[in-house]
Each structure stands twice: as C-alpha cells, then as structure tokens.
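Everything below concerns the one structure shown next.
A, B, ... follow the sequence lines: proteins, then strands. Residue 1 opens every chain.
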Amino acid sequence: MTATPSNSLLEIRSLTKAFGDNQVLDGVDLKVTEGTVTTVIGKSGMGKSVLLKAIVGLLEPDGGEVWLGGNRTFPRRKHQPDRMASSFMFQSNALFDSLTAFENIALPLREVTHLGRRAIAEKVNGLLKRMELSDAASRYPGELSGGMRKRVAFARALVTDPKIVFFDEPTTGLDPERKFGVFDLIAEYRRDFGFTALLVSHDIPEVFSISDRVAWLDNGKIRFEGAPSDIKGEVETALAGFLRRGNNKASGGQESGGKLI
Amino acid sequence: MVRTAGRFALGGIRELGEFTGFLVSSTFCYLRQRKRMEKWLRAVHEMGVRCLPIILFVGLFTGLVLGLQGYYTLVKFGSESALGAAVSLILIRELGPVLAALMIVGKAGSALASELGIQRNDEQIDALQTMGIQPSGFLVGPRLLAALFCFPALTAVFDLLGIFGGYLTGSVLLNVDAGVYWARVFESVQPKDVTGGFVKALTFGVITIGICSYRGYNTHRKASAPGVRGVSESATRAVVWSSISILAADYVITSFFL
C-alpha cells in the first residue's frame, strides 16, 4: 500500500477511542512530516498517551485510520507489508530489571533482527559510547541513576535505526536540569540519526525548543496544530489560556480563525 | 437465581476459553521465536534451581513422617514389613506429585505471577510489543515448556528423597529390616504407578504455571486494584487457584488410573 493521501510519514484520520462512557479520542486528525519533531500537548487525562498507544497498536482504537510510512496500520489489512521501523520510549523507561544496560539495549536486535553476536555487540557498544554509558554497560537498571536509565531507554529506542520514535512524556520525574538534558539528547540524536519524532510532553514551553510542530489535544480533538512560534500569536485563545495556566486548568477553547482547529 | 448461575457459568466458560487460548498462543508464539533453547534452559534453570532446595527438604521430611506414621499403623497388624510398599506407593502415586507441585507453586509460581504483574505495570510487556517481540511467547512460552521438564523431574527427586526418608525412620530408627524395606519398594512399585505419577506431574505443571502466568500477565485486566495491590492480588489468586486446580486434577487423574 502506498496510498497515504499526503507525503506525511504518519497520518491519523478521525481516530476515536472511548473507555466506557469516557470518549477520550473523538476524531483525532494529525499529520507528522518526515524529519520533524511534533509534540502533543494537553491537560493530564486528555488522552495524549492513549493517542500514542493507539498509534503503535498497544490500544485498539474504536474507529479511524492510522497510516505509517504509506502503510495502513489501523484498521489492519490481512496482507499488510512489514511495518516500517518505529520505536517507543515509555514514560517509565520500561527497562528489564533482570537484564544489564547492554542486554536491554541489545534485546530488540537479538530478538527481531538477523544480526550476529559480534555485529550486535559492535552496534550496542557504539551507542553506549555515544550516550556516555560505556561504564554502565554491565550494570542493571536498579543500579543506575534516573538520567542514566532514561539514556539506556533512549538507546534501546534508537538501536534498531527507527524512522519514527514515539516518546511518552520522556522527562517525567526529572529535575529541570535533567529535563533539558533529555531534550538536548533528543535534538542531538535527531540531528545525528535523522529520525522523526512524536512526543507527548507536559514541559511547556521547554519542549518547544526542540519541536517543529505542536499539536494541542483537548476534549478528544486536536484543537491546534502548527509551529511553536505560531502559538505566541494566539494570546487571546483558549490555547494561550491553557499555556498560561500551566496546563492544569484549561477551559473549553474558543474557536478562532487561523491555526486553531 | 437461575440467571445468576447462568451468568456465572458463562463467565467461567469464557475465562476457561481465554485461558486455553493464552496457553496455546504463548506456546506457538514461543516456538516461532529465536534462541528457543537458550530461553528454555534459562526457564528450567530458574524453576529448577529455585525449587530444588525446598523439594529436597519437604521430600525428605514427608518420607520421614510417612515412615513413622506407617510403621506405627502397620505394626498394630503385624505388617511392618510392608512399610516400604506403603511409603513408596503413597509417594509415587499421590503425595509426590501433589506436594511437589504445591511446593513449586508456592516458590516459583507465586514469583512468576508477581514478576509478570510487575512487568505489566511497568509497561515492560508493552515495550516488548513495540519492539516487535510477541510478549507471551517471549515471557510465558519458555516457562510453560520448562514446566513440562521441571515438574516431573522435581517430582522424581521428591519421590526418591521421600522413599529414602521412609527408610531412615523405618529401618535406621525403628529397626525394620533394610533388605525387606527395599525389596518391598521394588516389588510393589509397578510401571503404571510411575506413569500415573508423571502424568499427574505433567498436568499439574501445565495447569499451575499456566494459571500463574495468566494471572500475572493479565494483572491489568483481572486484578480489582491497580499497582502494587493488583500485583499482590494476582500472586495470591494464582497460588490459590493453582492449589485448588492441583487437587481437583489429582482426583480426576487418579480416577482414570485406578
């Protein structure tokens, strides 16, 4: 299938998901262009993580379509071509406690690719070195600091050379200095590895420094989509209200022309 | 009343179907994965090493107690020479498979349910899925197949230690002739008894490791509370249901073999 209606790497059309009576996603439309970092912002409980999980298939959406790299991944086709390389970085890092940092990073290569032991070791050691984790290679996640665990999770997300990486609140639980460290890391490795990223983050406005596009998810819909610089002009809108209130007390937004959807 | 009973029965059938599907898909997905032998050996090592000390200890003491109780019962009828037969048959047919399985569930099964529950809560299972690794095939399949080896092997160890324990109390402590004790053991134990014991061990292995895996893996759906409480609930229920299943399955299998 190469029938993605646009040249977006990721396209979501009218995605819906409800948990009982709670309509979390109510027709979400979003496009992510190759090589960009798109950040989804919104109040807690507005379904940002649900959106990411629905895109990668961890949650089954109720309706809509998800297109990844020209392939429709939801609803699934019977003889769907192999999914393009994508990876997911979890809020909790989701590292395996019984595996060392090296083994955690090597896991997807060992289980999914046909690379030999030596090639895997070479690749993982290279990443460990670039992430300044060489000394931590044989240590278990429980023996690492929060920042180091984050970097191990990041290395694991990058080790398969994905075209798109999904980040679910990658800076949760980190102090301000480490938050900037993680954002710098994403920006740096995006330059080096050239991946596309879709982020969910609460760190406003810090996250804008690495974002090419921002999408505001509110009441189950994307209500704003545009460049971070566009947001500054929207002072009278509900989005600005949301930003001013530090994303805790966003109200139902007023519609306006231009960038608000 | 009838409606409630019907709903309960339907729920039970649905659960049983889901459980069976989980076991089958875990096994098949595991068989399609790479480095199967390595994963299986690691699971055997985990289950075997974790349980061997307790199996040795409980097996020996079960035999010691059986020897003691058996002797004082048989001596009333002047049949203390049948002690070897009594101890070995009780152990090989019944107590060995049942007690060994209960010990393995207590030791390895509860740990397995907790481990999978924590991995579920910590999104490690989701992480496997996003990496393109089928999670139940990776985490559950090797353990299920390891149970097929570990349960019979540990049951055999339990039986042997138990029979030796019976010898220690019967012959060394209470002066039953050692030659008679061992002769009665070899005379009375038939291949059918050994086969029956192993069939039980295999069945208990699949059922209990299946239940523990199923409970832990589905902590997010089956437990009534999230987080740590959910994990502890999953582990408790896994052990309780496994123990009940062992006794129920024991009755069914015994009725076939007698």
Residue part contacting chain B, namely of A/R156, when any heavy atom lies under 4.5 Å: side chain

Would one find more than 12 heavy atoms of other residues, nucleotides or ligands at under 6.0 Å from atom [atom1] of [X]?
X: A/R118; atom1: CZ; result: no
X: B/H45; atom1: NE2; result: no
X: B/F164; atom1: CZ; result: no
X: B/R34; atom1: CZ; result: yes
X: A/F19; atom1: CZ; result: yes
X: B/K107; atom1: NZ; result: no
X: A/E122; atom1: CD; result: no

Partners meeting salt bridge (Lys or Arg N to Asp or Glu O under 4.0 Å) with B/D122 (sequence neighbours left out): none

Which portion of B/Q134 sits near chain A, non-hydrogen atoms under 4.5 angstrom: neither

Region of B/E115 that comes under 4.5 Å of a non-hydrogen atom in chain A: neither

Check whether any side-chain heavy atom of [X] sits under 4.5 Å from a side-chain heavy atom of [Y], and report yes or no.
X: A/F90; Y: B/T130; value: yes
X: B/Q129; Y: A/V56; value: no
X: A/F96; Y: B/Q119; value: yes
X: B/K35; Y: A/R110; value: yes

Minimal non-hydrogen separation, [X] against [Y], with atom names:
X: B/I133; Y: A/L107; value: CD1-CG, 4.1 Å
X: A/D97; Y: B/Q124; value: OD2-NE2, 3.9 Å
X: B/E123; Y: A/K53; value: OE2-NZ, 2.9 Å

Distance, nearest 0.5 Å, that separates CD of B/E46 from OG of A/S98: 7.5 Å

Interatomic distance, A/L59 atom CG to B/D126 atom CG [nearest 0.5 angstrom]: 8.0 Å

